[in-house]
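Counting starts at 1 for both ligands and their atoms, following the listed order. Residue numbers start at 1 and run along the sequence shown.
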Amino acid sequence: MADQFTPIDKAQLPQHVAIIMDGNGRWAKERGEDRLFGHLHGVQSVRDVVEASAEWGIRYLTLYAFSTENWDRPQAEVSGLMELLVNTIRKEVEQLKKNGIRLHVIGDLSMLPPTARQELTEALELTAENDQLHLIMALSYSGRWDLTQAFRRMADKVLAGELRPESIDAQTISDHLATQKFPDPELMIRTSGEHRISNFLLYQLAYAELYFTDTLWPDFRRQHLYEALMDYQQRERRFGKTSEQLP
Ligand code: FPP
């Protein structure tokens, strides 16, 4: 399928792509359907994007599936969405395992119903040997939650005499975030025309290229990901330097 596109320059492929999958509710509303109908169709987009990412050699893909703020949505939507997330993971885990995809979850999992936590733990174990694509589900996640838990853990270590305050630097903070095992995303995509970060990976996106598209998440397919990658490859990443200083 990738063959129908101009080849992606592998040397300039982001290692880590993070996506805010937005617009499911509006997509459903446009069709006179319930919001859950939009989430249900969003699953097909997830499949397509995961498959393409693995094929094209992206190493890390983080999907913002449920934010800590999403718990405040109407109860029926919250429970429907939880059920969908857990059922999808249960249904897809064998496929993930077969395709070399390792599943990770980041977020405040203490908020999840115990059965959902159990299902997730099993899915994580089943794919733990894989290394081709790391699929990171941000579930009950927010950037402020992540920073808060990192600072608390660092404070505990300081109190225990295991960490000296003067030794804390940017790397120490990264090492205490939920994403400690992953490199920072180089590319962040948000669908549905909203231009916000919405409490996603606040610390980790410091140097990410941001890509916004009007496409609603349930319509997002591999060709949209391809367009985002092509756009990324045109960008000059300067990290605060001047163009002339770049290699
Ligand atoms: C945002 O759209 C989307 C969500 C809060 C849920 C995303 C979940 C999925 C796409 C299901 C994915 C399944 C797996 C396994 C990851 P919105 O409801 O905020 O849309 P709106 O802005 O149009 O109201």
Side-chain angles (χ1 to χ4, degrees), residues 17-54 58 60-97 99 101-109 111-113 115-117 119-124 126-127 133-143 145 188-201 212-222 224-225:
V17 176
I19 308 184
I20 301 181
M21 309 181 287
D22 196 12
N24 295 351
R26 276 162 284 166
W27 188 90
K29 200 170 166 197
E30 280 171 8
R31 288 158 178 79
E33 297 281 353
D34 187 75
R35 299 176 57 80
L36 275 173
F37 184 73
H39 298 317
L40 190 65
H41 279 265
V43 173
Q44 189 49 45
S45 311
V46 171
R47 269 196 208 101
D48 209 53
V49 163
V50 169
E51 207 179 277
S53 299
I58 291 168
Y60 302 87
L61 176 68
T62 299
L63 301 178
Y64 205 5
F66 195 90
S67 74
T68 48
E69 288 81 15
N70 287 153
W71 290 112
D72 297 329
R73 290 194 174 195
Q75 185 50 38
E77 182 175 351
V78 171
S79 50
L81 196 44
M82 267 304 129
E83 203 174 316
L84 178 66
L85 289 165
V86 172
N87 284 346
T88 306
I89 290 171
R90 188 190 301 137
K91 251 190 353 225
E92 303 289 334
V93 70
E94 277 306 322
Q95 203 59 24
L96 296 179
K97 191 176 168 187
N99 291 318
I101 301 168
R102 179 168 180 182
L103 185 69
H104 303 265
V105 182
I106 53 171
D108 183 2
L109 301 188
M111 302 278 287
L112 295 178
T115 45
R117 270 205 306 266
E119 289 277 358
L120 283 174
T121 309
E122 284 168 23
L124 299 185
L126 272 169
T127 63
L133 169 67
H134 293 263
L135 173 60
I136 303 146
M137 289 286 171
L139 204 56
S140 187
Y141 180 87
S142 75
W145 165 83
M188 195 284 288
I189 300 172
R190 182 172 188 150
T191 59
S192 92
E194 308 287 358
H195 295 193
R196 285 191 292 275
I197 293 185
S198 295
N199 212 352
F200 193 24
L201 302 161
F212 300 101
T213 168
D214 288 338
T215 305
L216 303 177
W217 180 252
D219 289 327
F220 195 91
R221 288 292 181 276
R222 62 169 56 210
H224 300 100
L225 176 63

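- Nearest protein neighbour of atom 4 (C) of ligand 1, counting heavy atoms only, is His39 CE1, 3.8 Å.
- Atom numbering of ligand 1 starts at 1 in the shown order; those under 4.0 Å from a heavy atom of Trp217 are 10 (C).
- At the top of the distance list for atom 12 (C) of ligand 1, counting protein heavy atoms only, stands Val46 CG2, 3.8 Å.
- Using a 4.0 Å cutoff on heavy atoms, Arg73 counts as a contact of ligand 1.
- Taking the centre and axis of the six-membered ring of Trp27, the NZ or CZ atom of Arg31 falls inside the cone set by 45° and 6.0 Å.
- The aromatic rings of Tyr64 and Phe200 lie parallel to each other, their planes meeting at an angle below 30°, with 60° marking the opposite boundary.
- The residue among Glu69, Arg35, Met137 with a heavy atom at the shortest distance from atom 18 (O) of ligand 1 is Arg35.
- For ligand 1, the atoms closer than 4.0 angstrom to any heavy atom of Gly25 are 17 (P), 18 (O), 20 (O), 21 (P), 23 (O), 24 (O).
- Residue contact check for ligand 1: Ile89 places no non-hydrogen atom closer than 4.0 Å to it.
- Using a 4.0 Å cut-off to heavy atoms of Asp22, the atoms of ligand 1 that qualify are 1 (C), 2 (O), 17 (P), 19 (O), 20 (O), 21 (P), 22 (O).
- Below 4.0 Å from some heavy atom of Arg26 lie the following atoms of ligand 1, by number and element: 21 (P), 22 (O), 23 (O).
- The residue among Ile20, Val43, Asn24 with a heavy atom at the shortest distance from atom 2 (O) of ligand 1 is Asn24.
- In terms of protein heavy atoms, atom 3 (C) of ligand 1 is closest to Met21 O, 3.1 Å.
- A salt bridge does not link Lys97 with Glu92: every distance from a Lys NZ or Arg NE/NH1/NH2 to an Asp or Glu carboxylate oxygen is 4.0 Å or more.
- Closest to atom 14 (C) of ligand 1 among all protein heavy atoms lies Leu85 CD2, 3.5 Å.
- Using a distance-only test at 3.5 Å, with no hydrogens or angles considered, no donor-acceptor pair links the side chain of His41 to the main chain of Gly38.
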Verdict with reasoning, Ser198 to Arg190, per side-chain hydrogen bond (donor to acceptor under 3.5 Å, both in side chains): CA-CA 10 Å; Ser198 295; Arg190 182 172 188 150; 2.7 Å; yes

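- Among the candidates Ile58, Asn99, Leu135, the single residue satisfying the side chain to side chain contact (heavy atoms under 4.5 Å, CB included) test with Val50 is Leu135.
- Within the 4.0 Å heavy-atom shell around ligand 1 one does not find Ser192.
- Judged purely by distance below 3.5 Å, without hydrogens or angles, the side chains of Ser53 and Arg222 never pair a donor atom with an acceptor atom.
- Under a 4.0 angstrom heavy-atom cut-off, Leu63 registers as lying outside contact with ligand 1.
- The aromatic rings of Trp217 and Phe220 sit parallel to each other, their planes meeting at less than 30°, with 60° as the upper class boundary.
- Under a 4.0 Å criterion applied to the non-hydrogen atoms of Thr88, ligand 1 contributes the atoms 15 (C).
- The Asn70 neighbourhood of ligand 1 comprises atoms 5 (C), with distances under 4.0 Å to a heavy atom of that residue.
- Looking at Thr191, its side chain does come within 3.5 Å of a backbone N or O of Asp22 through a donor-acceptor pair.
- The ligand atoms of ligand 1 that sit less than 4.0 angstrom from a heavy atom of Ala65 are 6 (C), 7 (C), 8 (C).
- Contact between Ile20 and Ile197 at its shortest, heavy atoms only, is CD1-O, 3.4 Å.
- When side chains are defined from C-beta on, Ile136 does not count as touching Leu63, because their heavy atoms never get closer than 4.5 Å.
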